J.: 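Quick one: the structure is below, questions incoming.
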Protein chains: 2
Amino acid sequence: MASKATSIDIAYRAGVSQSTVSRALRNSPLVNLETRQRIQAIAKEMNYKVDKNASNLRTQNSHTLALLICEDPTNDDSMINPFFLSMLGSITRATAQQGYDLLVSFQQLSSDWHADYEDSNKADGIILLGYGDYMDYAHKLEKLLAQNTHFVIWGAEHNNKSVLSIGCDNHQGGVIATQHMLAQGRKHIAFLGDSSSHSPEFRDRYLGHCEALKEQQIKPNKQLQFDAISTESSGFDAANKLLDKGIEFDAIFAASDLIAIGALRALKKRGVDVPNDVAIIGYDDIPVASFANPSLTTIKQNTQLAGEILVESLLKLIRGQEVAPMLIPTNLVIRHSCGASAD
Amino acid sequence: MASKATSIDIAYRAGVSQSTVSRALRNSPLVNLETRQRIQAIAKEMNYKVDKNASNLRTQNSHTLALLICEDPTNDDSMINPFFLSMLGSITRATAQQGYDLLVSFQQLSSDWHADYEDSNKADGIILLGYGDYMDYAHKLEKLLAQNTHFVIWGAEHNNKSVLSIGCDNHQGGVIATQHMLAQGRKHIAFLGDSSSHSPEFRDRYLGHCEALKEQQIKPNKQLQFDAISTESSGFDAANKLLDKGIEFDAIFAASDLIAIGALRALKKRGVDVPNDVAIIGYDDIPVASFANPSLTTIKQNTQLAGEILVESLLKLIRGQEVAPMLIPTNLVIRHSCGASAD
DNA sequence: CTGAAAGCGCTTACAG
DNA sequence: CTGAAAGCGCTTACAG
């Protein structure tokens with residue numbers, strides 16, 4: 001197979017120097033318009049493309065971002081959290097819109113992901129996504145910071161202020177979910193999800209939940225909180241524990257849709273009617289939420305906007321511009337599991 | 001911020017030449033074991049990483065694959081086909097397992113995606129995924145071929161034998177879906193999905209469907225075939241057309257789960273009971289399939305295996321090894337929309 | 001407006 | 001086993 005054309009080949013064909021070819025292809029006004037167009041035409045005809053390795057090496061930037069999706073090791077290999085998939089879609093689009101390429105990688109939390117991409121000049125910066133145990137990777141973030149890696153992280157605000165975090169307003173989401181349940185006349189609301197600092201996003205949702213309760217002079221009851229990570233089976237288990245406890249409850253606020261769907265399955269199995277006996281609200285609005293039976297009332301995170309902001313913020317960081325952490329507002333999506341009138 | 005360490009910095013610290021550093025880091029047996037280890041230790045300590053742009057430029061390969069997901073322009077921007085998302089996950093994993101990086105990009109069919117990645121040396125090869133109108137991009141494949149780009153395409157077998165295609169056995173999927181419906185006593189089966197050569201995958205499913213009918217001496221009825229692309233709304237529309245026609249039918253074979261779910265919504269709206277009045281089978285087994293109401297019987301494609309085979313085949317192609325197109329068998333997943341006994 | 005030249009950071013024949 | 005040197009294909013000061 002014919003080896004690829006280089007700028008020297010183009011120069012030869014155009015009867016100019018290689019430097020002129022390089023300028024013309026970058027559309028430099030330094031080059032005479034006519035020769036510029038002639039060179040561009042020849043390049044197109046010869047199907048010439050600038051060698052990115054060479055130009056990146058020369059300019060010392062890659063015009064590439066890396067997306068690291070950190071999976072909880074407990075997660076079933078085949079089932080990626082649909083929320084991340086949705087974020088992936090929007091990040092891909094936003095990256096392309098900015099003229100950057102996107103390197104995607106799924107990583108176990110345990111592995112040594114912290115450095116490779118930017119250090120090896122494959123990417124100018126990194127976007128981190130992950131629902132893992134926060135404590136497990138806090139020190140990795142410190143390391144990234146120490147290396148001056150450009151990165152932005154999805155999720156709750158970080159206590160180290162140097163870490164740029166972008167996320168949805170989990171506290172507000174917890175508030176509006178709980179307010180909605182209260183407005184439906186529910187008083188004994190169980191919370192399914194980790195509420196410790198190991199999962200700052202879930203914790204913020206829980207804190208918002210508690211705040212909404214207090215607004216109505218209801219004292220949050222720790223007996224009604226059950227740990228769960230964001231999987232269907234974990235939600236199933238947590239709901240079973242709740243049922244086994246024999247404590248009174250008329251609603252469940254699940255820290256994620258996956259948890260809610262697992263809880264739904266547990267309730268159904270025990271003959272509990274949703275929403276008549278127990279109302280449920282989830283979190284994320286993943287695609288399956290609207291197809292659950294009953295359809296799942298949930299807190300929607302605007303992934304479209306989130307992807308755009310993540311990419312924009314990271315690019316600003318790379319360019320040395322001013323950036324601040326940001327919280328994106330969430331929306332309540334009312335469906336049949338809590339609030340929508342029955343068909 | 002301190003600029004990144006280079007192999008020269010390491011060489012200086014280790015008191016050897018830069019060439020020796022390069023060799024040591026690639027673990028070349030040419031270098032004395034002791035010095036090799038000393039150099040590696042220093043590199044680690046200084047957090048040195050080989051500059052990929054430089055090494056790729058030098059070796060003329062990128063150790064990166066590109067994944068191009070071509071979206072149908074009619075598709076809603078926010079809703080990526082969940083089946084692709086699932087493929088994306090498995091391809092990412094398979095790529096990482098082979099020590100390659102993955103560049104991901106979503107493209108409109110209309111845009112000029114054909115060449116850029118490999119031509120610019122950003123990727124060694126391309127994986128193409130897409131449910132668009134086949135005719136629209138057939139000529140782009142020709143162009144890729146003409147440029148000697150290494151690529152593998154997901155889907156139906158291509159009539160140009162030089163195109164390496166990997167896909168699930170759509171014909172077999174159509175056969176087993178239809179056999180299952182027939183075994184349930186259904187006789188008048190509508191097919192929702194394009195059956196022309198514009199969508200070779202759907203066409204193969206349709207042909208399998210027809211073959212299964214013929215096995216039972218049933219003549220396929222073109223009146224029962226309705227075009228649809230793989231979206232929920234297209235399925236909704238197609239089912240409505242079917243209902244409006246007033247033709248007798250007791251089952252629907254939808255060319256994709258998304259179509260099936262749209263059809264389910266249309267039937268529900270018209271008061272048709274699924275599965276009692278009409279049974280439905282979809283295709284893909286996307287996550288929502290099991291949460292549909294009733295849960296959706298469907299043909300499962302093994303995306304895990306598919307991703308592995310796609311990546312392996314592409315790598316073989318790149319290395320100049322023998323590769324052949326491949327069809328992966330599909331499985332019937334029986335749920336309540338057709339075949340599973342009611343709870 | 002154009003060209004000759006340096007240099008980005010590696011890998012790898014070549015010589016010893 | 002090790003080093004000096006060439007060269008991958010660009011971009012961009014520098015000189016004209």
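Just so you know, these numbers use all the heavy atoms, side chains as well, and skip hydrogens, waters and symmetry mates. Convention: sequence-line order gives letters A, B, ...; per-chain numbering from 1. As the structure is a prediction and not an experimental result, all values here were calculated from the model.
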J.: Can you tell if the side chain of Gln40(A) reaches within under 4.5 Å of the side chain of Leu25(A), non-hydrogen atoms only?
T.: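 Side chain of Gln40(A) against side chain of Leu25(A), heavy atoms only: contact under 4.5 Å found.
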J.: When rounded to the nearest 0.5 angstrom, what distance separates CD1 in Ile91(A) from CD1 in Ile309(A)?
T.: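 Atom-to-atom, Ile91(A):CD1 and Ile309(A):CD1 are 11.5 Å apart.
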J.: Nearest 0.5 angstrom please: Leu103(A) CG to Thr64(B) OG1, how far?
T.: 6.0 Å
J.: To the nearest 0.5 Å, how far apart are CG in Asn53(A) and OG in Ser62(B)?
T.: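 It comes to 7.0 Å.
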J.: Kindly write out the residues that satisfy side-chain contact (heavy atoms from CB on, under 4.5 Å) with Ala14(A), not counting sequence neighbours, or none if the list is empty.
T.: Val16(A), Arg38(A), Ile39(A), Ile42(A)
J.: Charged N to carboxylate O below 4.0 Å: is that the case for Glu45(B) and Arg13(B)?
T.: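 Judged by the 4.0 Å cut-off on N to carboxylate O distance, Glu45(B) and Arg13(B) do form a salt bridge.
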J.: Show the distances under 3.5 angstrom between N or O atoms of the protein and N or O atoms of nucleotides 13-16 of chain C.
T.:
from, atom 1, to, atom 2, distance (Å)
dA13(C), N6, Arg23(B), NH2, 2.6

J.: Throw together a table of side-chain donor-acceptor distances under 3.5 angstrom for residues 315-327 of chain B, partners on residues two or more places apart or in other chains.
T.:
none

J.: Working note: Cys168(B) + Trp154(B), criterion side chain to side chain contact (heavy atoms under 4.5 Å, CB included); need CA distance, chi angles, decisive distance, verdict.
T.: CA-CA 9 Å; Cys168(B) 282; Trp154(B) 172 259; 3.8 Å; yes
J.: Using OP1 and OP2 only, check whether a side-chain N or O of Thr20(B) sits under 4.0 Å from dT2(D).
T.: no
J.: Grab the CG-P distance between Leu25(A) and dT2(C) for me, whole Å please.
T.: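 Taking CG of Leu25(A) and P of dT2(C), I get 14 Å after rounding.
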J.: Distance check needed: dG3(C) P versus Tyr12(A) OH, whole Å only.
T.: 15 Å
J.: Rounding to a whole Å, what distance do you find between Gln37(B):CD and dC1(D):C1'?
T.: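 Rounding to the nearest Å, CD of Gln37(B) and C1' of dC1(D) are 15 Å apart.
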J.: Please report the distance, rounded to the nearest Å, between CG in Leu33(A) and P in dT2(C).
T.: 11 Å
J.: Round to a whole Å and report the spacing from CG of Asp9(B) to P of dG9(C).
T.: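 Those two atoms, CG and P, are 9 Å apart.
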J.: Would Leu129(A) and Met87(A) count as a side chain to side chain contact (heavy atoms under 4.5 Å, CB included) here? Give the steps.
T.: CA-CA 9 Å; Leu129(A) 227 62; Met87(A) 287 292 293; 3.8 Å; yes
J.: For nucleotides 6-8 of chain D, give me every protein contact, N/O to N/O, under 3.5 Å, one pair per line with atom names.
T.:
from, atom 1, to, atom 2, distance (Å)
dG7(D), N2, Arg58(B), NH1, 3.4

J.: I'd like to check the side-chain contact (heavy atoms from CB on, under 4.5 Å) partners of Leu145(A); sequence neighbours left out, ordered by chain and number.
T.: Glu142(A), Phe151(A), Asn160(A), Ser162(A), Val163(A)
J.: Let's go through Thr20(B) and Thr35(B) carefully: what are the C-alpha distance in whole Å and the side-chain angles of both, what is the deciding distance for side chain to side chain contact (heavy atoms under 4.5 Å, CB included) to 0.1 Å, and is it a yes or a no?
T.: CA-CA 9 Å; Thr20(B) 302; Thr35(B) 35; 5.6 Å; no
J.: Dot-bracket for DNA chain C: what is it, with Watson-Crick or G-U pairs under 3.5 Å, [ ] where a pair crosses earlier ones, and | for a pair to another strand?
T.: |||.||||||||.|||
J.: Between dT12(D) and dG16(D), how far is it from one C1' atom to the other, in whole Å?
T.: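 One C1' to the other, the span is 16 Å.
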J.: Whole Å only: how far is the CG atom of Asn53(A) from the C1' atom of dT11(D)?
T.: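 In whole Å, dT11(D) C1' lies 15 Å from Asn53(A) CG.
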